[in-house]
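Only this structure's heavy atoms are used, side chains among them; waters, hydrogens and symmetry mates stay out. All of these numbers come straight from a predicted model, not from anything done at the bench.
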Amino acid sequence: LQRWNQRWAMDFVADTLAHGRTFRVLTIIDEHTRECLAVETDTSLPGLRVIRVLEHLAQTRGLPEEIHVDHGPEFVCRSVRSWCETHRVLLRYIEPGRPMQNGHIESFNGRLRDECLNANWFLNLASARIQLESWRSDYNRARPHSALGYRTPNEFAALLAQRQPQPTIMGKLS
């Protein structure tokens, strides 16, 4: 990978609230900058909700060339496939049973599980959302990555911005 918005990865991770209700987290990362672009948290995240998150990212960051995903129902549904086709984003599906083909997001989700989900007791969905967003912010701003020359994802993205044109947002240069 040579630039941001070249390839994103998307996946889900699940956890349980204190009273036993399960919730899910849609995670989206940029594989080049290692930035966590979204941690959308709710009890249900169907395909239309995935599209809403992608639309928000398209408006604020631009679109990727491709997105790596597994064969989860939210990613194979007609609405998500149609949205990607309309926006000329290639959905690249990994082989069933081969999660390491989407290793960047699997590694990210493992870190998210170890450092946030397993480390916190979420009383309700609102507290889970606040804690997850706080963790995402810390991950992007304060966590150096060896693959980024020991820069944080935000530092690495800023360095790229000095060297490369800004990513396009909805087809226009920003």
Side-chain angles (χ1 to χ4, degrees), residues 5 7-31 33-64 66-87 89-143 152-154 169-170:
N5 283 1
R7 183 168 55 219
W8 293 356
M10 256 187 330
D11 200 8
F12 286 95
V13 63
D15 204 359
T16 307
L17 299 172
H19 58 76
R21 180 118 193 232
T22 299
F23 67 94
R24 299 180 80 203
V25 182
L26 169 66
T27 56
I28 304 175
I29 63 168
D30 182 304
E31 289 188 8
T33 65
R34 303 298 203 275
E35 292 169 286
C36 177
L37 307 177
V39 287
E40 186 76 5
T41 307
D42 214 328
T43 55
S44 176
L45 293 163
L48 291 176
R49 184 74 174 275
V50 171
I51 291 170
R52 193 166 81 195
V53 173
L54 291 172
E55 282 287 342
H56 174 74
L57 290 172
Q59 292 173 12
T60 59
R61 182 185 177 88
L63 293 169
E66 63 184 60
I67 303 174
H68 273 178
V69 294
D70 60 22
H71 289 267
E74 301 84 0
F75 302 141
V76 298
C77 70
R78 181 173 295 164
S79 58
V80 169
R81 288 184 293 123
S82 177
W83 185 91
C84 286
E85 186 176 314
T86 298
H87 292 85
V89 174
L90 175 65
L91 265 181
R92 188 172 300 276
Y93 293 99
I94 64 171
E95 294 175 53
R98 307 287 301 262
M100 287 320 297
Q101 289 181 352
N102 206 359
H104 286 98
I105 197 76
E106 294 295 335
S107 175
F108 174 83
N109 284 346
R111 183 169 287 125
L112 174 67
R113 163 118 6 246
D114 291 346
E115 297 175 6
C116 185
L117 297 175
N118 290 348
N120 291 285
W121 185 253
F122 304 110
L123 296 177
N124 53 46
L125 200 53
S127 69
R129 286 179 178 140
I130 290 167
Q131 194 64 33
L132 283 156
E133 187 56 37
S134 175
W135 185 89
R136 183 185 84 84
S137 178
D138 181 69
Y139 174 87
N140 284 335
R141 294 180 187 170
R143 307 260 181 124
T152 68
N154 283 2
I169 297 178
M170 297 305 286

Sub-4.5 Å side-chain heavy-atom contact between [X] and [Y]:
X: V69; Y: I94; value: no
X: E35; Y: I29; value: no
X: W135; Y: Q131; value: no
X: I67; Y: V89; value: yes

**OP:** Could you list all the salt bridge (Lys or Arg N to Asp or Glu O under 4.0 Å) pairs where at least one residue sits in residues 68-78, not counting sequence neighbours?
**Re:** R24-E74

Subject >> All pairs passing salt bridge (Lys or Arg N to Asp or Glu O under 4.0 Å) where residues 89-104 contributes a residue, at least two apart >> reply: E66-R92, E95-R98

Tell me if a side-chain donor or acceptor on [X] pairs with a main-chain N or O of [Y] at a distance below 3.5 Å.
X: R143; Y: N140; result: no
X: N124; Y: S127; result: yes
X: T27; Y: D11; result: yes
X: R81; Y: F75; result: no
X: N120; Y: C116; result: yes
X: T86; Y: S82; result: yes

Looking at [X] and [Y], what are the two nearest heavy atoms and their distance?
X: L17; Y: A128; value: CD2-CB, 4.4 Å
X: T33; Y: D30; value: N-OD1, 3.1 Å
X: G47; Y: V80; value: O-CG2, 3.5 Å
X: A38; Y: L57; value: CB-CD1, 4.4 Å
X: N102; Y: A9; value: OD1-CB, 3.4 Å
X: S79; Y: I51; value: O-CD1, 3.3 Å

**OP:** For Q101, look at atom CD and say whether over 12 heavy atoms of other residues, nucleotides or ligands are found less than 6.0 Å away.
**Re:** yes

Original post:
Is the number of heavy atoms from other residues, nucleotides or ligands within 6.0 Å of CZ (R21) greater than 12?
Top reply: no

**OP:** Could you label the plane-to-plane angle of the F122 and F23 rings as parallel, tilted or perpendicular, counting under 30° as parallel and over 60° as perpendicular?
**Re:** perpendicular

Subject >> Geometric class of the Y139/F108 ring pair [parallel <30°, tilted 30-60°, perpendicular >60°] >> reply: perpendicular

Would you give the length of the straight line joining atom [atom1] of [X] to atom [atom2] of [Y], rounded to the nearest 0.5 angstrom?
X: L90; Y: R7; atom1: CG; atom2: CZ; answer: 10.0 Å
X: H87; Y: E55; atom1: NE2; atom2: CD; answer: 4.5 Å
X: L26; Y: R52; atom1: CG; atom2: CZ; answer: 11.5 Å
X: T41; Y: E133; atom1: OG1; atom2: CD; answer: 8.5 Å
X: H104; Y: E31; atom1: NE2; atom2: CD; answer: 5.0 Å
X: M10; Y: E40; atom1: CE; atom2: CD; answer: 12.0 Å

Subject >> Identified side-chain contact (heavy atoms from CB on, under 4.5 Å) partner of V25 from the options D42, N109, V39 >> reply: V39

**OP:** Tell me, please, which residues at least two apart from H56 pass ring-ring contact (aromatic ring centres under 6.0 Å, His included).
**Re:** none

